[in-house]
Amino acid sequence: MFPPPAASFHGSVHPPPPSNDPVPVPPPHVPVLVHPVWGWSFHQEAARLRHFAEGARYVAVNVHYPGLVHHPGEDQDALTAEKRYAVLKANVDALKPLQVGIAVCDRDGKSEAWEFNLRDFRRHSDPHDANSLAYLAGRGLDVDTLANHGVDAWSLGAMLLNYSGLIGPWRDLSWVTYTGAYHVAYLLKIVTGGCPLPNDLAGFVGAVRHFLGDQVYDVAGMAADCPKLPVGLERIAAHHGFHPPWNSPRLAAAAGVRALQVFRSLEDGELRGKVSRYRGLLQGLHH
């Protein structure tokens with residue numbers, strides 16, 4: 001197990017006792033508020049997140065990162081899970097995340113999201129895929145603005161691990177993502193202060209369980225078993241009638257919001273609550 005970063009936030013977190021009461025699904029026409037987080041607003045938004053997370057039941061994560069620089073050299077679908085993990089580890093260990101979206105749904109069915117803009121990446125010196133940066137730029141992400149005004153990943157990791165109340169299996173949370181192997185891997189890298197990922201898949205699975213618990217779901221795999229749904233997270237969310245989030249409709253937090261909304265909709269609708277078979281299966285690793 002890798003060591004945690006030193007704490008820079010303090011205060012014990014007292015989550016509510018676990019509850020099996022159903023969480024209401026909000027109507028799709030109600031947009032979710034996104035809080036963009038920069039260096040100057042980091043501590044204020046960390047406190048806001050901590051307060052909201054006291055009632056959390058579901059959390060979704062999405063990470064924007066600068067593409068891939070290591071490739072398998074053969075068809076991805078032909079790789080074993082262990083080989084897929086080796087490629088993922090090589091990329092996540094080598095690259096710096098750009099933006100982290102965290103969407104939280106509380107026990108009353110209310111959701112909010114936070115978009116942490118990270119400042120560590122430098123386009124002229126850090127490895128990246130130019131096409132990936134161009135794609136993100138087309139969606140509104142300016143890496144130079146991040147470098148000048150963002151939050152460092154180490155501080156974000158310390159806050160999430162030691163202060164937010166979201167990290168740790170004791171919270172009894174369901175974590176949600178979409179095509180989520182890289183999103184979860186980058187989240188682990190961040191909350192461990194930039195440590196390399198575990199050496200093998202078993203170690204990675206153990207680390208996910210240690211930091212996030214055993215209720216981790218990938219919406220892409222769930223949606224694949226619903227043949228009437230379109231392909232792609234934005235299309236699936238639109239199919240269910242969800243409005244784009246407020247403040248930042250096209251970046252990491254919006255993807256986290258949509259993953260959370262679609263998960264809740266599939267769990268309550270097409271899959272009729274039978275989601276346990278998807279637990280721990282991350283698209284890009286296990287299928």
Side-chain angles (χ1 to χ4, degrees), residues 1-21 23 37 42-43 45-63 92 97 100-108 110-114 116 118 151-177 180-198 201-218 252-253 256 259-260 263 275-276 278-282 285:
M1 190 59 60
F2 19 41
S8 61
F9 287 81
H10 303 282
S12 59
V13 177
H14 301 285
S19 171
N20 292 320
D21 294 337
V23 177
V37 185
F42 178 54
H43 285 81
E45 292 300 339
R48 194 193 307 269
L49 171 60
R50 173 189 165 112
H51 177 73
F52 191 82
E54 289 177 356
R57 288 286 294 276
Y58 300 88
V59 188
V61 61
N62 182 277
V63 180
V92 173
V100 178
I102 300 285
V104 182
C105 176
D106 69 12
R107 55 184 175 268
D108 297 320
K110 181 183 178 183
S111 297
E112 292 190 22
W114 284 261
F116 296 92
L118 303 179
V151 179
D152 64 274
W154 190 94
S155 294
L156 173 59
M159 184 277 288
L160 290 174
L161 182 65
N162 300 310
Y163 182 78
S164 72
L166 294 175
I167 301 296
W170 47 271
R171 273 309 311 265
D172 193 34
L173 296 172
S174 293
W175 279 84
V176 179
T177 186
Y182 276 86
H183 302 306
V184 171
Y186 274 109
L187 180 62
L188 290 187
K189 178 176 181 175
I190 289 167
V191 300
T192 58
C195 288
L197 293 178
L201 180 57
F204 176 75
V205 170
V208 172
R209 186 175 294 116
H210 175 78
F211 287 101
L212 305 184
D214 60 3
Q215 302 283 334
V216 179
Y217 299 92
D218 193 319
L260 186 58
F263 175 83
V275 299
S276 61
Y278 301 102
R279 187 182 302 163
L281 300 179
L282 294 175
L285 275 184

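Remark: Leu285 CG to Asp218 CG distance equals 9.5 Å, nearest 0.5 Å. Taking CD of Glu54 as the start and CG of Leu166 as the end, the distance is 10.5 Å to the nearest 0.5 Å. In this structure, OG1 in Thr192 is found 7.5 Å from CG in Leu197, a value given to the nearest 0.5 Å. Here Arg57 contributes atom CZ and Asp172 contributes atom CG; the two are 7.5 Å apart, rounded to the nearest 0.5 Å. For the atom pair Leu160 CG and Ser155 OG, the distance stands at 11.0 Å (nearest 0.5 Å). How far NE2 of His210 is from CD1 of Ile167: 10.0 Å, rounded to the nearest 0.5 Å.
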Exercise. Decide yes or no on side-chain contact (heavy atoms from CB on, under 4.5 Å) for Phe116 and Leu49, but give the supporting numbers first.
Key: CA-CA 11 Å; Phe116 296 92; Leu49 171 60; 4.1 Å; yes
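When atom types are taken as modelled, the side chain of Asn62 and the backbone of Gly101 share no donor-acceptor pair closer than 3.5 angstrom. In this structure, Arg171 contributes its side chain and Gly165 its backbone to a donor-acceptor pair below 3.5 Å. Asp106 places a side-chain N or O within 3.5 Å of a backbone atom of Asp108 that can act as its donor or acceptor partner.
Taking every heavy atom of both residues into account, Phe42 and Met159 meet most closely at CZ-CB, 3.8 Å. Ala56 and Leu173 make their closest contact through O-CD2, 3.2 Å (heavy atoms, listed as atom of the first residue, atom of the second, distance). Nearest heavy-atom pair across Ala259 and Val176 is O-CG1, 3.6 Å. Between Leu156 and Val100, the shortest heavy-atom contact is CD2-CG2, 3.9 Å. Smallest separation of non-hydrogen atoms from Ala207 and Pro198: CB-CG, 4.1 Å. The shortest non-hydrogen separation linking Thr177 to His183 is OG1-CD2, 3.4 Å.
With sequence neighbours excluded, no residue forms a ring-ring contact (aromatic ring centres under 6.0 Å, His included) with Tyr278. Tyr217 is linked by a side chain to side chain donor-acceptor pair (under 3.5 Å) to Gln215, counting only residues two or more places apart in sequence or in another chain. Contacts of Trp114 classified as side chain to side chain donor-acceptor pair (under 3.5 Å), with partners at least two apart in sequence or in another chain: Glu45. With sequence neighbours left out, the side-chain contact (heavy atoms from CB on, under 4.5 Å) criterion links Asp214 to Arg209. Remark: Ala153 engages Leu118, Asp120 in a side-chain contact (heavy atoms from CB on, under 4.5 Å) (not counting sequence neighbours). Take Ala253 and apply the side-chain contact (heavy atoms from CB on, under 4.5 Å) test, not counting sequence neighbours, and it matches Val34, Ala113, Glu115.
Partner Tyr182 forms a side-chain contact (heavy atoms from CB on, under 4.5 Å) with one of Val92, Leu187, Val63 and no other, that one being Val92.
Within the 4.5 Å cutoff, side-chain heavy atoms of Phe204 are placed close to those of Leu282. Residues Val208 and Trp175 are not in side-chain contact: their nearest non-hydrogen atoms beyond the backbone lie 4.5 Å or more apart.
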